[in-house]
J.: 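Could you have a look at this structure, given as structure tokens, before my questions?
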Amino acid sequence: MPELPEVEVVRGDLQRFVVGRTIRDVHVLHPRAVRRHAGGPADFAAALSGGRLTEANRRGKYLWLPFSDNLALLAHLGMSGQLRAWPLGQPAAPHLRVRFTFGDGGPELHFVDQRTFGGLSVTRLGAGAIPEPITHIAQDPLDPAFDPATFRRALRRRRTGIKRALLDQSLVSGVGNIYADEALWRSELHYARPTETLTRAQVDRLVAALRIVLVAALAERGTSFDSLYVDVNGMSGHFDRSLQVYGQAGRPCARCGTPIARDRFMNRSSYYCPRCQRRPRRARW
DNA sequence: CTATGAACCTGACAGC
DNA sequence: TGCTGTCAGGTTCATA
């Protein structure tokens, strides 16, 4: 469950599903799921057992559940991770990696992850109650503290293309391949536009586009092409119906009718309108 | 500093 | 039925 809207859907669900509950047992079924936890699987389980989860927080694509003043369960869903409410007695999913039981005897929390790019760890909370491993992650466009001027200055200092910058989680977080392409289309900017040549108005427009796209996707509970991307209850979101460019190669641009193009770029696909999003003379990627 | 490609994984799908 | 190659909402590391 990758980008900001999908992760925010999970955060909201976890707020209702696990906050206030006390963990009884933790079973790590696949050690790779806790590879970022310094002490290994046994230490991970021991650290969480008996802990009462107090909040469900998010920055960008990271989630964390504090269970004391300075400790939290930190999660990144990678490409295929899910956090699922699992009724007692229901057969486990094929890619169950970590299982949490609770003192109240209610439904379990399952971390399911087909490709195992995601992971869980127990971390200390540092300045601003942000988990220490993600202090380098920038604020995301839906964070009330997100400052467009800071983002604009960070962009100007970079010597790279705008899409590469949008995907760099230390400049702005929560944006992945889908929402980068969607926001660039809305802003009429080509992915290879050099960041240092963007005007103030263009950056402001891009930030506005990011917010519009992310909020709209959240309202549809995210984008889900298949059952890999689901909420805590296994339900898909429907923003795929509203995508303007991502995955739309050959279909007409909603603004000008030109067929949407697809380029290979950064080892992944970029979708854009070749007419609305002109390649800059000095492209940079 | 910036850019690239590979690595980490599993599974779905198209084409032969 | 297989086999091969391609593709997938991410991050990180080594190499130019």
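Letters A, B, ... mirror the listed sequences (proteins, then strands); counts begin at 1. Just so it is clear, the model here is predicted, and its values are computed rather than measured.
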J.: Is there side-chain contact between A/Leu29 and A/Val98, with heavy atoms separated by less than 4.5 Å?
T.: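 SC-SC contact between A/Leu29 and A/Val98 ruled out.
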J.: Using the P atom as the point on both nucleotides, what is the distance between C/dT6 and B/dG5, in whole Å?
T.: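 Looking at atom P only, B/dG5 and C/dT6 are 15 Å apart.
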J.: Does A/Glu8 come within less than 4.0 Å of A/Arg58, counting only side-chain N to carboxylate O?
T.: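 The answer is yes: the pair qualifies as a salt bridge.
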J.: With the threshold set at under 4.0 Å for non-hydrogen atoms, list the residues of residues 135-155 of chain A touching DNA chain C in residue-number order.
T.: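 Contacting residues: none.
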J.: Which part of the nucleic acid does A/Arg35 contact within heavy-atom distance under 4.0 Å: base, sugar-phosphate only, or nothing?
T.: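 No contact at all - A/Arg35 keeps every heavy atom at 4.0 Å or more from the nucleic acid.
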J.: Under 3.5 Å, is there a donor on one side chain and an acceptor on the other for A/Asp181 and A/Tyr272?
T.: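 No - no donor-acceptor pair under 3.5 Å links their side chains.
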J.: Can A/Ser80 and A/Asp113 be counted as having a side-chain donor-acceptor contact under 3.5 angstrom?
T.: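 Indeed, the side chains of A/Ser80 and A/Asp113 share at least one donor-acceptor pair under 3.5 Å.
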J.: Can you list, pair by pair, the side-chain donor-acceptor contacts under 3.5 Å of residues 123-137 of chain A, counting residues two or more places apart and other chains?
T.:
residue, atom, partner, partner atom, Å
A/Thr135, OG1, A/Glu132, O, 3.3
A/His136, ND1, A/Pro133, O, 3.4

J.: Measure up the A/Phe44 and A/Phe100 rings against each other and bin them: parallel (under 30°), tilted (30 to 60°), perpendicular (over 60°).
T.: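 If you compare the ring of A/Phe44 with that of A/Phe100, the planes turn out perpendicular.
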J.: Take atom CD of A/Glu196 and atom P of B/dC1, then tell me their distance rounded to the nearest Å.
T.: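 Distance check: A/Glu196 CD to B/dC1 P gives 16 Å.
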J.: Salt bridge or not for A/Lys61 and A/Asp140, using N-O below 4.0 Å?
T.: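 A/Asp140 and A/Lys61: not salt-bridged.
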J.: Does a side-chain heavy-atom distance below 4.5 Å link A/Phe225 with A/Tyr246?
T.: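 Side-chain contact under 4.5 Å: yes.
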J.: Need one value for A/Ser269: base, sugar-phosphate or nothing, where a base atom within 4.0 Å counts as base even if backbone is also close, heavy atoms only.
T.: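 The answer is sugar-phosphate, as A/Ser269 gets under 4.0 Å only of primed atoms, P, OP1 or OP2.
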J.: Where does C/dG9 fall, syn or anti, if syn means a chi angle no more than 90° from 0?
T.: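 Here C/dG9 takes the syn form, which means its glycosidic angle is within 90° of 0.
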J.: Closest heavy-atom contact between A/Ser236 and A/Val230?
T.: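 Smallest interatomic distance, heavy atoms only, reads OG-CG1, 3.8 Å.
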J.: Which residues, if any, of residues 156-186 of chain A bring a heavy atom under 4.0 Å of DNA chain B?
T.: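 Per residue number, the list reads A/Arg157, A/Arg158, A/Arg159, A/Thr160, A/Arg164.
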J.: Check whether any side-chain heavy atom of A/Thr195 lies under 4.5 Å from a side-chain heavy atom of A/Val203, and answer yes or no.
T.: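 Heavy-atom side-chain distance check fails, nothing below 4.5 Å.
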J.: Give the dot-bracket line for DNA chain B from 5' end to 3' end: parentheses for intra-strand Watson-Crick or G-U pairs under 3.5 Å, square brackets for crossings, | for inter-strand pairing, dots for unpaired.
T.: .|||||||.|||||||
J.: Are any of A/Lys61's side-chain N or O atoms less than 4.0 Å away from OP1 or OP2 of C/dG10?
T.: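 Looking at the OP1 and OP2 atoms of C/dG10, one of them is under 4.0 Å from a side-chain N or O of A/Lys61.
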J.: Does A/Thr223 reach the side chain of A/Tyr179, with side-chain heavy atoms less than 4.5 Å apart?
T.: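 When only atoms from C-beta onward are counted, A/Tyr179 and A/Thr223 do touch, with a gap below 4.5 Å.
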J.: Nearest heavy-atom pair of A/Asp104 and A/Arg21: which atoms, and what distance?
T.: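 A/Asp104 and A/Arg21 have their closest heavy atoms at OD2-NE, 2.7 Å.
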J.: Below 3.5 Å is the cut-off: list the nitrogen or oxygen pairs between protein and nucleotides 14-16 of chain C, distance only.
T.:
none

J.: Do A/Thr116 and A/Arg32 meet the criterion of a side-chain donor-acceptor pair at a distance under 3.5 Å?
T.: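 Short answer, yes.
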J.: In whole angstrom, give me the gap between the P atoms of C/dC3 and B/dC9.
T.: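 Pairwise P distance, C/dC3 against B/dC9, rounds to 23 Å.
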J.: Would you mind checking if A/Glu188 and A/Arg205 are paired as a salt bridge, meaning a charged N to carboxylate O distance below 4.0 Å?
T.: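 Salt bridge between A/Arg205 and A/Glu188, a charged N being under 4.0 Å from a carboxylate O: yes.
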J.: Per the side-chain hydrogen bond (donor to acceptor under 3.5 Å, both in side chains) rule, which among A/His27, A/Arg84, A/Arg99, A/Gln90 passes with A/Glu108?
T.: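 The residue from A/His27, A/Arg84, A/Arg99, A/Gln90 that satisfies side-chain hydrogen bond (donor to acceptor under 3.5 Å, both in side chains) with A/Glu108 turns out to be A/Arg99.
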J.: For nucleotides 9-14 of chain B, just jot down a letter per nucleotide in 5' to 3' order: B, S or -, based on protein non-hydrogen atoms under 4.0 Å.
T.: BBS---
J.: Look at the side-chain heavy atoms of Ile, Leu, Val, Met, Phe, Trp and Tyr, link any pair under 4.5 Å apart, and say whether A/Phe111 and A/Trp86 land in one connected group.
T.: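 No; A/Trp86 is not reachable from A/Phe111 via cluster members.
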